[in-house]
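Every chain is numbered from 1, with letters handed out A, B, ... down the list of sequences.
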2 protein chains.
Amino acid sequence: MGSMNEVARLAGVSIATVSRVLNNNGNVNEATRVKILKAIKELKYQPSRVAKRLRSKGVSSNLFGVLVPDIENPFYVDVLRGIEELAYKNNSAIIMCNYGQDERKEKFYLEILQSESIDGLIAAPAHEDDVLLKKMVTDGLPVVCVDRGLSGIDVDVVLVDNAAGAFNAVDYLAKSGYRRIAYISGMPGIPSSLLREKGYRDALAANQIPFDNRLVKFGNSKHHSGVVLCRELLEMENPPDAIFTGNNLITLGALETINAMKLRIPEDVAILGFDDMYWANSLNPSLSAVRQPAYEIGKRAVELLIQRIQDPERSCIQMALNTELMKRGSA
Amino acid sequence: MGSMNEVARLAGVSIATVSRVLNNNGNVNEATRVKILKAIKELKYQPSRVAKRLRSKGVSSNLFGVLVPDIENPFYVDVLRGIEELAYKNNSAIIMCNYGQDERKEKFYLEILQSESIDGLIAAPAHEDDVLLKKMVTDGLPVVCVDRGLSGIDVDVVLVDNAAGAFNAVDYLAKSGYRRIAYISGMPGIPSSLLREKGYRDALAANQIPFDNRLVKFGNSKHHSGVVLCRELLEMENPPDAIFTGNNLITLGALETINAMKLRIPEDVAILGFDDMYWANSLNPSLSAVRQPAYEIGKRAVELLIQRIQDPERSCIQMALNTELMKRGSA
DNA sequence: TTTTAACGTGAAATCGTTTACATTGCGTTG
DNA sequence: CAACGCAATGTAAACGATTTCACGTTAAAA
């Protein structure tokens, strides 16, 4: 854990030369290189990323920030896994920031990330017009948004065609004969919720099913809101025969209620929602779902981020990946 | 985003004085303090955590490392949440390292963490005798282990009484009348697997059930091994009537097989295993499980870490939290 | 043989802090 | 009134790297 100074002293050269062999730039005589390498090994020297980052900010110091709304949601865990894996391949560490939909906390983390001089940031912002994040983008920090974009500003985005995914799902329900299809939305206001609702409404219209606003409920994207909103729906005098859920936490919550009410799936009520889970087959019946390629979203985001770090001028990319309707037992 | 220099210049003082007001140490005249505060506000100054960390290493620079084996496992996600939440309260960011049971990757991350001059580390090491991690501990890095300890060395540990948890679970199965109780273990060799197996065997003995080594299978703690090992068990000529699983991923895998084989739970085969999940009630039937207070493990670990950072000499604490047997529908 | 270029190296500035030490001025005290 | 303590502030070194510039040496080109 010595410093460059100690290495230099031991090898009998200056720190500049040590730096040169470490970074493989500049010319250095083979003999001295060997001497220095030996000294490095002997001292178990490891360069301080902190010092490096301080000295040359903006240059790659191999530290990314990741800002996610809710790590309890398996979708974001998968995104995170994709990010982590590719960051690792790129010799980078990540500072993980989980803001739990709390804007104060988001702000806190954004400030920290800035102050940590990260190379770049992958973020799922709380809002489309997150002022602080926007400012960081315009100030030149490389940023890639995932799952949600940023309005009125050019920024790289990786997400999914939410409207199409929802449309296909609800269309499938309709084609399967369901007529009273409910929608339990996640956080109202965030783009994905809006677009999924649009897909839902369009699919109803396409199948000549009248829209009934008593059949759509708005929650907060958490497990608990799935539980209670599903109950509200199923206790109506004329309950839905199928439920389309806005995300996986809500799905799980709804499932809990359905089981508690001892209803059969899909005979009494079918269920299908956004976000597949690797254990969808562990459920009984197995769970149908709209699959987002979460892991891939994470990977792509890192790719874009690295590109942008290398070339801050390249024009922004909006990458929309496809969803896949996983037809299984629950709908 | 100016530097202390700019603040100092604008306020007409030296950087030392600025530092003093920022850190609230040393004496500074009220009038100058106000001047400086105004300059800070005006320049939107934010101190560089990087510079601070470089200058004063070992002193609190509010950055922790977290090293987990598998972020896909909801248990570690919960631990992580606990850590994150408390770290946040402590104004700290965390570098998340997910080594996926890969020792090369673990080594890579440990080196990075060292090189990032973190204040302290919370880790679930790959082995009980993880040499690199041990060396970091003896070198003076504040470390708290979670879920798994480190052998032959004094270090703070937060975990759960695995043997007791397993014993209670299997004892409960036995008392419920099950006689052929299988065990699907996670990664062999890691302490938690060993202790859970011990609890399993002790419970069998306590209930006069002969141990049958064909009923214990060893996997790798992942979903897939639950799937295949469960199938092996259920296709025996004399299959088990209950399965005790070593962790939640295995449970989920086993569930998948049981469903695929169209067996009824718990009539044909009961299932109960380690690690509760917040959506245990979303399963049909609801899943019985040994609950580890994962979130609390994370919180406690941060508490211990902060204590150790403040007082590197305090003697080590081994904290064993209690498990809780969640009796639900599956066993 | 002289000019030029390339090579190999070191000195020193720099990044943005913290902090030990020095300095100044002023009120107390013997 | 000299000596002292203390409050308020500044100076400069350090943390550990990168990088620019300069300098000497040697080989190639003219």
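Take the nearest nucleotide of DNA chain C for A/Arg55 and for B/Ala16: the residue whose nucleotide is more 5' is A/Arg55.
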Could you list the donor-acceptor pairs under 3.5 angstrom formed by side chains in residues 28-45 of chain B, with sequence neighbours left out?
unit_1  : atom_1 : unit_2  : atom_2 : d
B/Asn29 : OD1    : B/Ala31 : N      : 2.7
B/Thr32 : OG1    : B/Asn29 : O      : 2.7
B/Arg33 : NH2    : B/Asn24 : OD1    : 3.2

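At a threshold of 4.0 Å, the pair A/Asp156-A/Arg314 counts as salt-bridged, since one of the basic side-chain nitrogens sits closer than that to a carboxylate oxygen. Between A/Lys107 and A/Glu111 a salt bridge is recorded (basic side-chain N to carboxylate O distance below 4.0 Å). Salt bridge status for A/Arg9 with A/Glu6: absent, with no side-chain N to carboxylate O gap under 4.0 Å. Using a 4.0 Å cut-off between a side-chain N of Lys or Arg and a carboxylate O of Asp or Glu, A/Glu296 and A/Lys299 do not qualify as a salt bridge. By the 4.0 Å N-to-carboxylate-O rule, A/Glu85 lies too far from A/Arg81 to be salt-bridged with it.
Residue-level contact check: B/Ser48 touches the backbone only, with heavy atoms under 4.0 Å from sugar-phosphate atoms and none from bases. Residue contacts shown for B/Ser19 include a base, since a base heavy atom lies under 4.0 Å away. Residue contacts shown for B/Val13 are limited to sugar-phosphate atoms, with no base heavy atom under 4.0 Å away. Nucleic acid contact for A/Arg49: none, since no nucleic acid atom lies under 4.0 Å from a heavy atom of the residue.
Across all their heavy atoms, A/Glu84 and B/Asn98 have their closest contact at OE2-O, 3.0 Å.
Atom CD1 in A/Ile15 sits about 10 Å away from atom C1' in C/dG10, given to the nearest Å. Atom pair A/Leu54:CG and C/dT17:C1' shows a separation of 8 Å (rounding to whole Å applied). Put simply, CG on B/Asn5 is 8 Å from P on C/dG16, counting in whole angstrom units.
First and last contacts of DNA chain D with chain A, using any nucleotide atom under 4.0 Å from a protein heavy atom and ordered 5' to 3', fall at D/dG16 to D/dT19.
Between the CG atom in A/Leu305 and the CG atom in A/Asp119 there is a gap of 8.0 Å [rounded to 0.5 Å].
For residues 23-47 of chain A, proximity to DNA chain C is found at A/Asn27, A/Val28, A/Asn29, A/Thr32, defined as any non-hydrogen atom under 4.0 angstrom from a strand atom.
The phosphate of C/dA11 (OP1 or OP2) has no side-chain N or O of A/Ser14 nearer than 4.0 angstrom.
Taking the six-membered ring where the residue is Trp, A/Tyr109 and B/Tyr88 present tilted rings, their angle falling between 30° and 60°.
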